[in-house]
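To start, the structure itself, in structure tokens.
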Amino acid sequence: MPELPEVETIRRSLARRLVGRRLAGCRVMGPHVLQGCRPAELRQLRGLRVADLGRRGKYLIIVLEKGVSLVFHLKMTGQFLLGGAERPLDRHTHFVLRLAGGKEDLRFRDVRKFGRLRLVRGREDELESAFSGLGPEPLQLGRDEFARLVKGRTGRLKSLLLNQSFLAGIGNIYADEILFAARLHPLASAAGLSPAQRNRLWRSLRRVLGRAVARGGSTVRDYRDADGRTGLFQIEHKVYGRASLPCRRCRQPIRRIVVGGRSTHFCPRCQSS
DNA sequence: GCCACTGTTAGCAT
DNA sequence: CATGCTAACAGTGG
């Protein structure tokens, strides 16, 4: 389940192998992956060089020359696979970027077919307009900026962290892990946070996301980076997926509840406020 | 074979 | 601003 740390890990693995390479073209096997552009428009990709790889929240960006970018969202089961073009494509591969001067290609596969890509025109510094409505990057957020962001919010902490217009990139796993690290109850109201609790939340979200990026993200089921490597952060999960197992800090059984339709894991003793 | 569940987002109603 | 529902889809496990 690619959230910010997983998408960032994919971005880094792709950057190492794609930057500077030239595209020979692309193939669209599943037209459903195209968002707001027709297959014919993708012909302009041919001959363009990969300038950079970017990320915004959970979106991955392949920045090409001439002000053209490809913006991907992996949703739940989207994957990139960088590999030999001689390997047959499986039925879950919906889009392929062919690279010039070699036998490799970049494959976008997605078992559940929710993942999307779109073509965006504009220089790299103009890309932000393609993400209107998306909140700021959690890892580039100062303490005071976070305080301003929280001000006026009334919802539950868990739902707030999942809200992409509040902060970009946090999903179900990291929302739970961040709240455990901050020792805050998922049902606590954002409006009821003391300044100390709010600062703890800010510190925790930076620490948890930063650590997860350093460990290459979490592989719970099928997440892999573009080189096929799993993440390592799942080893350090304190609450996610640990319902009824003893809390690593106090031995109290971890509880699982449903908040806003999403499964939520927390320690009733460590996260009593 | 059936059913519930998995997690992300958009779109809708309230 | 918030909450709750649905739908998109395929695989997994009971």
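We name chains A, B, ... by the order of the sequence lines, and we start the count at 1 in each one. Source: prediction; values computed, not measured.
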Between N163(A) and K75(A), just flag the one whose closest nucleotide in DNA chain C comes earlier from the 5' side. N163(A)

Residue whose closest nucleotide on DNA chain C lies nearer the 5' end, G261(A) versus G152(A): G152(A)

Taking a pair as Watson-Crick or G-U wobble with both distances under 3.5 Å, which nucleotide is matched to dC9(C)? none

Separation of F233(A) CZ from T219(A) OG1 (nearest 0.5 Å): 12.5 Å

How long is the span from the CD atom in Q197(A) to the CG atom in L201(A), to the nearest 0.5 Å? 9.5 Å

Parallel, tilted or perpendicular: rings of Y174(A) and H237(A) (30°, 60°): perpendicular

Verdict with supporting geometry, E236(A) and R215(A), salt bridge (Lys or Arg N to Asp or Glu O under 4.0 Å): CA-CA 10 Å; E236(A) 299 177 34; R215(A) 308 258 70 198; 3.8 Å; yes

Between [options], which nucleotide gets closest to the side-chain atoms of [X]?
X       : options                 : answer
F114(A) : dA10(C), dA2(C), dC9(C) : dC9(C)
T154(A) : dA10(B), dA2(C), dT6(B) : dA2(C)
N172(A) : dA10(C), dC1(C), dT8(B) : dT8(B)
S263(A) : dA10(B), dT6(B), dT8(B) : dT6(B)
R156(A) : dT8(B), dT3(C), dT6(B)  : dT3(C)
R256(A) : dC9(C), dT9(B), dC5(B)  : dC5(B)

Output yes when at least one side-chain N/O atom of [X] is less than 4.0 Å from OP1 or OP2 of [N], else no.
X       : N       : answer
H92(A)  : dG11(C) : yes
H73(A)  : dT9(B)  : yes
R109(A) : dA10(C) : no

State whether the distance check finds a donor on one side and an acceptor on the other, under 3.5 Å, for side chain R221(A) versus base dT12(C). no

Can you tell me, in whole Å, how much space there is between the P of dA8(C) and that of dG1(B)? 23 Å

Just checking [X]: base, sugar-phosphate only, or nothing, at a heavy-atom cut-off of under 4.0 Å?
X       : result
R116(A) : nothing
Y240(A) : sugar-phosphate
E3(A)   : sugar-phosphate

Just the rounded figure in Å: distance from [atom2] of [N] to [atom1] of [X].
X       : N       : atom1 : atom2 : result
L74(A)  : dT8(B)  : CG    : P     : 12 Å
F131(A) : dA10(B) : CZ    : C1'   : 17 Å
R153(A) : dA2(C)  : CZ    : C1'   : 9 Å
Y59(A)  : dA10(B) : OH    : C1'   : 10 Å
Q35(A)  : dT8(B)  : CD    : P     : 17 Å
H94(A)  : dA10(C) : NE2   : C1'   : 10 Å
D90(A)  : dG11(C) : CG    : C1'   : 14 Å
K58(A)  : dA10(B) : NZ    : C1'   : 13 Å

Take a 6.0 Å sphere around CZ of R248(A) and say whether it holds more than 12 heavy atoms from other residues, nucleotides or ligands. yes

Between H185(A) and F266(A), is the gap from one ring center to the other below 6.0 Å? yes

